Amino acid sequence: MSATYCYMCDAAATSVEHVPPRCLFPEQKDLPSGVDLRKQLITVPSCDVHNSSKSKDDEYLLYALSMNIPNNTTASDHFSSKILRAIQRSPSVIKKFTEKQIPVKVEDTQTGEIHETLALQVDRQRLENALMMIGRALYFHHFNTRWKGSVSAYPNFLLALTEPNARELNEPVETMATLAEEFFLDQPRYGENQDVFSYQVSAGQSPAETIMLLRFYEGSRVTLIFKNGG
C-alpha cells in the first residue's frame, strides 16, 4: 500500500504517527547531558482520526506502562520528571488509576525481594486497544503494508493481585509470557532506544500469521498475535 495512506484505514495520510507514542520517550531536558532517547523514533503515515484523536489513550497507556514494578530506571526517572509534571497539570487520568487502590505485597520472583505497593484497577480493554493499534502500526512499519486481519494483545505484566483465585487467573498470563520469551530468545530486537522500547517479530504460518513481542522499559512486555480473518 502506498505510504500516502493511513496505516489503519483507506483515508489519505495527513500526518505521521509515532510508534509507540512519543510521550513514552523521555525528553532531553530530563536526561543526562548527551543522552537522547528520542532519536530515530518509528513513525507511520496516519490520518487525523487515527492520530491526534487518540492522544488521551496515549496518555493512559503511558501511565499504565510506567507504573509497572519490574521496569528499568528509565521508567522511574521518566515518571518522576515528565509524568509527574503532566499529573500536576491534569490529574484526571491518574485519578482513574487510584480510585480503587489496595495496598499489597509483591515478591520479585527473580530476586526474592518483597515490594510494598498498590494494586490498581486498569481499564484492560482501553489498554489492549492502544496496544493493538501499536501492533498494527508496527506491522505497517516492518512489512510496508497494512494488516487487515485481527490482532490480539496479551499484556504479560497485568496480573491479578487481590482476587481469591489470583493464582489461577495468573497462570495463563505467566504461561504466555514464558512461551513468548522462549520463542523470541534468539530473534533480533528492533528499535533505536531500547531502554524505552523494542520489539521482536516472527512471521508464522496460518492461523497465527505473525507474532510480536514488545518491550516497554524492559519490564512491561506484551505479546501480540496477528491472525487472518476477523
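Small disclaimer: the values here were computed from a predicted structure and weren't measured.
Hydrophobic clustering (ILVMFWY, side-chain heavy atoms < 4.5 Å, transitive): L84 and L31 are in one cluster. When the side chains of ILVMFWY residues are joined at heavy-atom separations under 4.5 Å, either directly or via intervening members, M132 and V49 end up in two distinct hydrophobic clusters. Side-chain heavy atoms closer than 4.5 Å link hydrophobic residues (I, L, V, M, F, W, Y) into clusters, and following such links, possibly through other members, connects F143 to L224. Under the 4.5 Å side-chain heavy-atom criterion for ILVMFWY residues, no single connected hydrophobic cluster contains both V16 and L41.
The distance from atom NZ of K227 to atom CD1 of I211, rounded to the nearest 0.5 Å, is 9.5 Å. Note that CG of L127 and CG of L65 are 6.5 Å apart. Values are rounded to the nearest 0.5 Å. Distance CZ/F197 to CD1/I134: 6.5 Å, rounded to 0.5 Å. The CG atom of D123 sits 4.5 Å away from atom OH of Y60, with the distance rounded to the nearest 0.5 Å. One distance of note links CG of N71 with CG of D195; it measures 11.5 Å at 0.5 Å rounding. Interatomic distance, F184 CZ to L179 CG, rounded to the nearest 0.5 Å: 11.5 Å.
Of all non-hydrogen atoms in N68 and G219, the two that sit nearest each other are ND2-O, 3.4 Å. For the residue pair C6 and C47, the shortest heavy atom distance occurs at SG-N, 3.4 Å. Residues P21 and D58 come closest through the heavy atom pair CG-OD1, 3.4 Å.
Checking L37, L62, L24 one by one against H78, the side-chain contact (heavy atoms from CB on, under 4.5 Å) holds for a single residue, L62.
Evaluation of the side chain to side chain contact (heavy atoms under 4.5 Å, CB included) rule for E27 yields K29, D30, R38, K82, R85 as partners, not counting sequence neighbours. Every residue two or more places apart in sequence or in another chain that forms a ring-ring contact (aromatic ring centres under 6.0 Å, His included) with Y199 is listed here: H142, Y190. By the side chain to side chain contact (heavy atoms under 4.5 Å, CB included) test, E192 is found to be paired with Q40, residues two or more places apart in sequence or in another chain being considered.
Counting heavy atoms from C-beta on, the side chains of L138 and M212 come closer than 4.5 Å. Contact of the Y217 side chain with the S76 side chain is not registered, since no non-hydrogen atoms from C-beta on lie closer than 4.5 Å. In this structure, the side chains of M8 and E17 stay at 4.5 Å or more apart for every pair of heavy atoms. Considering only heavy atoms from C-beta on, D77 stays 4.5 Å or farther from P26 through its side chain. Residues I87 and F79 meet the side-chain proximity criterion, which asks for heavy atoms closer than 4.5 Å.
R136 places a side-chain N or O within donor-acceptor distance of the main-chain N or O of W147, the cut-off being under 3.5 Å. Remark: the backbone N or O of Q28 is not paired with any side-chain donor or acceptor of D36 at under 3.5 angstrom. A donor-acceptor pair is defined here as one N or O able to donate and one able to accept, closer than 3.5 Å; no such pair exists between the side chain of E218 and the backbone of N72. For the pair Q200 (side chain) and Q187 (backbone), a donor-acceptor distance under 3.5 Å is present.
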**Candidate pair N156 and L213, rule side-chain contact (heavy atoms from CB on, under 4.5 Å), full reasoning** = CA-CA 10 Å; N156 301 339; L213 179 62; 4.1 Å; yes
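Annotation: cation-pi geometry not satisfied between R146 and Y5 (NZ/CZ under 6.0 angstrom from ring centroid, within 45° of ring axis).
H50 and Y7 have perpendicular rings, their planes meeting at more than 60° on a 0 to 90° scale where under 30° would count as parallel.
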